[in-house]
Amino acid sequence: MAESDVSIRKLVKRFGDMVAVDGIDLEVPRGAFVTFLGPSGCGKTTTLRMIGGFEHPDSGEIYLKGEPMGRRPPHKRDTSMVFQNYALFPHMSVADNIGFGLRERKMAKDEIRRRVSDMLKLIELEDRGKRKPRQLSGGQQQRVALARSLVIEPTVLLLDEPLGALDLKLRKQMQIELKRIQQQVGITFIYVTHDQEEALTMSDRIVVMNQGRVEQEGSAEEIFDRPKTRFVAGFMGSQNIIDVQVADRDASSTKLRLGSNTVTLPVAVAPGVSAGAIAVRPEKVRLDVAEGWQGTVQERIYKGVMMSYSIRLDDGTEIDAEVAHDDVRHRHEVGDTVRVSFRPEDAVFIPDGA
Amino acid sequence: MATETLAAPVDASPRRSFSLTPILTLGIPTLVVVLFVVLPLILIGIYSFYSLDPVTGLMQRDFTWANYERVLTSPIYRNIFIRTLSIAAIATVIALLLAYPVGYFIGAVAKPQNQGVLMLLVLIPFWTSYIIRTYAWIGILQSNGFLDSVFGWVPGLDTNLLYSRAAVIIGFVHVYLPIMILPIYASARNLDKRYIEAAQDLGASPFSTFLRVTLPLTMPGIVAGIVLFFIPTFGSFVTPQLLGGTGDVMMGNIIDNQFGEAFNWPFGAALSVIMTLVVIVAMTLFFRFADVEEIYGS
């Protein structure tokens, strides 16, 4: 494993009776773009705030470059946070906001001016240095907040849902912009979001969190294609999580049973596992093959490019399918009997207990 | 027909279109302001140009600048004016040093559910009359009073403060402190904590955070507090009369005296007009200097 900028060991944080962070272990490699992904209340922001020093853990430890942080306050940590609503100082100009951290470091005035202007160039706001934050658009304020944190060259940049307040189009632009800046400056980014698409677009590594724990950690592709828990599968957009029994197994494949239907997946399953779930994304479900599980169309929703069907199998299991609806031959009406199938390699088996 | 029916509730008849509501809602405040603020001011303004009949001592309805001339040329009034300004300024500074920590603590540090009770405690003194609270200080500050009998034995400590400049300033600070705490509390409560977190995050020590972020962002409360404290202090006559010595006479006392014992209303009116103008000019400059708009303007 690459050298770690941040190591988290058995981190626990409670607020009253609520356990916000429930034993997290994590390594953040140097220079990586790591995303904490999860629903609200999963502990991702609390973990981020503990790394920044705004909250202190009840137990466990956070190491920055190998050094334990303990209860060290934010101004003595080599981290910097981009806040959700930017928290730009309203009484200072854009340039003064960006230069704030440098002045705290008692840097020479000329040097501050030079670095601030470099930063304004990086965020493409060269001509806005004298403006007040409120005179900028949301996206521009966002970039100023980023510059203000980057200019002090922290070991780790912490970003707390920084794009949450922007509209969809701007958010997409900023995702690419953020990734570009991160690659340019080479600083470790820890990014918190509840938006799985945002996480997939930007991250080198994604840490999916739920109820104060890490559900799964891996590259975007690993998380998306090979979810290890039902939660991750569901959160990454696999609406179809189908309970199945293990019927038969050999070294390289497993036969799974759902009622009277079976499917064989090209995966090996540990000997003790007798049940689990198949996760398959709706867009991978096919209705155009004669083979497959028999079911009835319950509902059909037009979604533009895709047509979404909800199909009930004979044993009562509901499966969602999204197919390109331009193919008129395969248009189905509510009440039609259809055959549901998917390619074994498009499905993921999640053993129970995971 | 349909349009008429729809329009009916608005102007059904000429009689109904006449409504008392706007006249009452605008009229009553206007009447109050005119009666109790504008008219007295105009009256004072008019009086200030009157003269006194040297024989009868009664007001003469003429037009003279003599009263203003007397105020502006006499070194006595200039000295008293400067003294008034300095007493009010010192009291304001001391009050600010006390009010800021209290207001900030209640607004930004105390738990929200406790803020109401704490502010109530701050405001409780207001339930007692200004005069009574000022009299209470006589009991504390006079010779053989509370302060004297408890700390009188300490060598080099003057515990007999009554009829001194210090007593006047103590009186002002005590009486008007709550109205200075109020706006500071309000601005501290509205202070977004993320600004403080952001400052710390960027490497600012607690002291530096206070100077560069907290203080400027609570400036509107400080400005309002200073104004609310300074104006009544500047014009006060009760406190210096009860707690001050002969050397602590303020403009308020002079004006009080002109309207009272001296019975020279025109001269008292001229003093009042000058005081009012000074306050207006000072506050205008102060607001411009403090630049509150700059912080919260659109």
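Numbered from 1 within each chain, the chains take letters A, B, ... in sequence-line order.
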I'd like to know whether CZ of A/Arg9 has more than 12 heavy-atom contacts from other residues, nucleotides or ligands below 6.0 angstrom.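 Yes - once you tally the heavy atoms of other residues, nucleotides and ligands closer than 6.0 Å, there are more than 12.
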
Counting neighbours of CZ on B/Phe151 that are heavy atoms of other residues, nucleotides or ligands and sit closer than 6.0 Å, is the number greater than 12? no

Name the region of A/Leu158, side chain, backbone, both or neither, that has any atom closer than 4.5 Å to a heavy atom of chain B.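 It is neither, since no heavy atom gets under 4.5 Å.
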
When rounded to the nearest 0.5 Å, the distance separating CD of A/Gln84 from CZ of B/Arg194 is 8.0 Å

I need the contact set between residues 67-83 of chain A and chain B: heavy-atom distance under 4.5 Å, sorted by residue number. A/Pro74, A/His75, A/Thr79, A/Ser80, A/Met81, A/Phe83

So which bits of residues 97-122 of chain A come within less than 4.5 Å of chain B, counting non-hydrogen atoms only? A/Phe100, A/Gly101, A/Arg103, A/Glu104, A/Arg105

All heavy atoms of B/Tyr195 vs all of A/Phe89, minimum pair found to be O-CE2, 3.2 Å

Looking at B/Leu202 and A/Ile152, what are the two nearest heavy atoms and their distance?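 Taking every non-hydrogen atom into account, CD2-CD1, 4.0 Å.
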
Checking B/Asp192 against chain A: side chain, backbone, both or neither under 4.5 Å from a heavy atom? neither

